[in-house]
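What follows is a single structure, written as structure tokens, with notes after it.
The chains referred to below are lettered A, B, ... by the order of the sequence lines, with proteins before strands, and numbering in each begins at 1. Bear in mind that the values here come from a model prediction, so they are computed numbers and not experimental data.
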Amino acid sequence: MWTDERVELLKKLWNDGLSASQIAVELGGITRNAVIGKVHRLGLSGRAKSPAAAVPRQRKPRAAAPILRVARPAMRGNTALARAPVYEVEYEQEVEAVANVVPMGQRCTLLELGEGKCRWPVGDPGSTDFFFCGGRTSDGLPYCSYHARIAYQPVDRRRDKRLGRV
DNA sequence: CCCTGATTCGC
DNA sequence: GCGAATCAGG
């Protein structure tokens, strides 16, 4: 039922650049088809050419969130502990870099993981920004080729690579 | 496959 | 007027 109120909200959200499905969720109890249909009838159709570019995703909203780290391969017992402070800082840089590389489309949650999806974790598991890579697994490994490359390098080499000392 | 908006057409 | 089904595109 399109009350004046809901139509008003629809106009606002549509002009704010939200997608039809997002608006459908906001309004509730309605499908994106209904939203699109209404948008057409209102003559609001035709927006920004590239919605993807129009909606820049936020990153690093939190300044100093507590870091909960997941276990990662290639960590070597004692030495890992010794270099933890340094690694911590660099890990955040790595996350930022990786987060900008992994396409939105393939990212997935824990429950969405499955055979053939890269299980590499990106970010702080406690954060809403956290996600698993979800890329195509390579050669039966649980990682995509990109992350497999990182996973099987010793910590030292990985750090060197990040610091441009390769 | 995930998603996007556009269009059609029976209700 | 409404929106599910379908289409075309990324």
Side-chain angles (χ1 to χ4, degrees), chain A residues 1-63 65-74 90-153 158 161-162:
Chain A
M1 209 283 198
W2 286 108
T3 63
D4 291 350
E5 212 173 42
R6 287 165 68 82
V7 172
E8 197 87 10
L9 185 54
L10 166 62
K11 288 179 181 175
K12 179 187 181 301
L13 296 177
W14 183 258
N15 287 326
D16 283 351
L18 289 178
S19 71
S21 60
Q22 287 176 312
I23 295 174
V25 172
E26 290 293 321
L27 291 175
I30 211 175
T31 67
R32 74 181 199 93
N33 281 316
V35 171
I36 292 173
K38 187 60 179 175
V39 162
H40 257 257
R41 272 170 254 127
L42 289 173
L44 300 175
S45 61
R47 262 195 318 201
K49 316 300 179 186
S50 55
V55 185
R57 64 193 185 83
Q58 55 155 17
R59 49 187 189 88
K60 300 200 71 179
R62 283 153 296 290
I67 295 189
L68 261 184
R69 202 104 46 66
V70 294
R72 37 202 27 251
E90 292 174 354
Y91 178 58
E92 291 195 54
Q93 297 173 347
E94 176 181 310
V95 166
E96 189 178 355
V98 172
N100 288 326
V101 168
V102 180
M104 293 296 293
Q106 74 178 36
R107 303 179 180 197
C108 65
T109 66
L110 174 63
L111 295 182
E112 289 164 347
L113 277 180
E115 288 297 325
K117 288 195 177 181
C118 177
R119 292 163 164 74
W120 195 268
V122 181
D124 176 357
S127 160
T128 53
D129 288 344
F130 179 82
F131 61 87
F132 288 96
C133 171
R136 264 207 192 166
T137 282
S138 63
D139 303 323
L141 295 175
Y143 309 109
C144 64
S145 57
Y146 178 76
H147 288 121
R149 209 175 301 134
I150 298 175
Y152 296 106
Q153 279 180 17
R158 286 158 61 185
K161 187 176 183 182
R162 280 194 297 276

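- Here the C1' atom of nucleotide B/dG5 and the CZ atom of A/Arg32 are 7 Å apart, to the nearest Å.
- Checking C/dT6, C/dG3, B/dT7 against the side-chain heavy atoms of A/Ile36 singles out B/dT7 as nearest.
- Contact annotation: A/Lys38 side-chain N/O to C/dC2 OP1/OP2 distance is under 4.0 Å.
- Nearest heavy atom pair, residue A/Arg6 against residue A/Ile30, reads NH2-CD1, 3.9 Å.
- In this structure, A/Leu42 atom CG and C/dG3 atom C1' are separated by 14 Å, rounded to whole Å.
- A/Met1 places its CE atom 11 Å from the P atom of C/dG3, with the value rounded to the nearest Å.
- Between B/dC3 and A/Ser21, no contact under 4.0 Å exists linking OP1 or OP2 to a side-chain N or O.
- When the P atom of C/dG1 is taken as reference, atom CG of A/Leu10 falls 15 Å away, rounded to whole Å.
- Computed from coordinates, the A/Asn33 CG to B/dT4 P distance equals 11 Å when rounded to whole Å.
- In this structure, the side chains of A/Leu10 and A/Lys38 come closer than 4.5 Å at one or more pairs of heavy atoms.
- In this structure, CD of A/Gln106 is placed 15 Å from C1' of C/dG10, rounded to the nearest angstrom.
- Minimum heavy-atom separation, A/Lys117 to A/Cys108: CD-SG, 4.3 Å.
- Contact between the side-chain N/O atoms of A/His40 and the OP1/OP2 oxygens of B/dG5 is not found at any separation under 4.0 Å.
- Counting atom types as modelled, A/Arg41 pairs a side-chain N or O with a base atom of C/dG3 as donor and acceptor under 3.5 Å.
- Of the side-chain N and O atoms in A/Ser19, one or more sit less than 4.0 angstrom from OP1 or OP2 of B/dT4.
- Whole-Å rounding puts the A/Leu44 CG to B/dT7 P distance at 14 Å.
- A/Trp14 has its CH2 atom 9 Å from the C1' atom of B/dT4, to the nearest Å.
- When every heavy atom of A/Phe132 is checked against every heavy atom of A/Arg119, the shortest pair comes out as CD2-O, 3.2 Å.
- Expressed to the nearest 0.5 Å, how far NZ of A/Lys12 lies from CD1 of A/Ile23 amounts to 10.0 Å.
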